[in-house]
Amino acid sequence: MQRRDFMAAGAAAIADRRLRIADSSPPNPQSTIRNPQSAQEPSLSPEVFARRLDRARGELKARGLDLLIATPSTSYEYLTGYNPGRSERLIALLLPVVGAPAIVCPSFEVERIKRHSIVTELHGWEEQEDPHALVRETVRRLRPGSGGGTIALESSTAYQTFLRLGRALPGWKFVDAGPVTDRLRVIKSPEEVALLRRAIAITLDAMAATFAQLAVGTTEVQVAQTLSREMEQRGAPGGGLVQFGPSSALPHGGPAGPKLERETVVLIDCGCRVGGYTSDITRTIWFGDRPSEEFRKVFNVVHDAQTAAMALGRPGTPCEEMDRAARKVITAAGYGPFFTHRLGHGLGMDGHEPEYLVEGNSTRLEPGMVFTIEPGIYQLGKFGVRIEDDCVMTDNGVEVLSPRVAKL
């Protein structure tokens, strides 16, 4: 496609390499301590995970909890450095409030998990055995003399696993581990922010390359495939949403919209994963020679709303106030009913995680929190505009990790 096929905003987006995933999550590779360029190069040291385990014990003690159990998930990966994947075969991390953690897993998985995880105590169960009985025995070893207590169970653990653990550990009370793991993960270390910066850089490059390949007659699916391929070529798995014209008025699009035509809106919301950490960026451009005046107006209102929230953000600012600041701008411009979702969400190992920038969340922002700011206006039957950037809270205010696009 010729460069004239882009209007100024599209060209600027490409030249500046500024682009995201608003509400879809990319694939999750298995290891946090791996560099996407080389499966043998650690990107986070064992010391990082040792500190995380110590912090987790501190959270358990502060909350009067005796043990944390996590099945494969991003929280499991956060603490061990490796996500072996979840299946019908039980794999569980057991972390006592005092002492070393242990992992229960199928015997044939012991060597694989040992090679990639920082946890050195592994207990294997055979296919004909009850793994939950082995969990009971392991709990007794980790908490000798204790006939019961309170276990914090990782939030995404399968319900059937919870029921079976309850039957195997009748003297124990189970509570949601969310408050523990959320608190551990919500403040990002410099090492985590560095991985996010790398994921953001790859996302912006891949998005710019994808915009440059837009052509009349292509489908949303084809462009999404191009996007994923561009990310893979840069060493990171990822992908996202591609929406043309009226499809862009649906915040999450659909299975397939119309083929691309000239003089229309193109919205891409995407991210990739580096070392277990994911980016999430959205860009909306006009494909054609000249954007309509309505598109220009809506785009600039969304941009102003994003600016208002970014300017407000300081340590101590309630999350809901960030949402209110952006919503006030959009409402004053007459588009209030068309801003249909929260302003943003936390970002890290999951594409969406606490804290959420939404009305009703009075949690105050703290240095080290990473989150998206992504206001949008969606007019059904016409088009939608969303601008999403990844940000980190610093001692001095919001730092935008993904360079912003310019107003039209």
Sorted by chain and number, sequence neighbours left out, ring pair (Phe, Tyr, Trp, His ring centres under 6.0 Å) with Y76 holds for none

List for me each residue that meets salt bridge (charged side-chain N to carboxylate O under 4.0 Å, His left out) alongside R229, sequence neighbours excluded, and say none if there are none.
none

Suppose we screen for salt bridge (charged side-chain N to carboxylate O under 4.0 Å, His left out). Which residues come up paired with E353, at least two apart in sequence or across chains?
R185, K188

Please determine if [X] and [Y] form a salt bridge, counting it only when a charged side-chain N lies under 4.0 Å from a carboxylate O.
X: D304; Y: K407; value: yes
X: D54; Y: R57; value: yes
X: R89; Y: E109; value: no
X: R197; Y: E399; value: yes
X: K297; Y: E294; value: no
X: R342; Y: E320; value: no
X: E59; Y: R63; value: yes

Between P101 and V119, what is the shortest heavy-atom contact and its length?
O-CG1, 3.7 Å

Nearest heavy-atom contact between L195 and G275 is CD1-O, 3.9 Å

For residues 303-322, the ring pair (Phe, Tyr, Trp, His ring centres under 6.0 Å) pairs (sequence neighbours left out) are none

Pairwise ring pair (Phe, Tyr, Trp, His ring centres under 6.0 Å) hits with a residue in residues 127-153, at least two apart
none

Going by the salt bridge (Lys or Arg N to Asp or Glu O under 4.0 Å) test, which pairs reach into residues 135-144, not counting sequence neighbours?
D66-R143

If you count every heavy atom of other residues, nucleotides or ligands that lies below 6.0 Å from E129 atom CD, does the total exceed 12?
yes

For F299, is the NZ or CZ atom of R296 found under 6.0 angstrom from the centre of its six-membered ring and inside 45 degrees of the ring axis?
no

Does the side chain to side chain donor-acceptor pair (under 3.5 Å) test come out yes or no for E154 and S156, once each step is laid out?
CA-CA 6 Å; E154 195 275 324; S156 69; 2.7 Å; yes

What class does the angle between the rings of H341 and Y378 fall in, given that below 30° is parallel, 30 to 60° is tilted and above 60° is perpendicular?
tilted

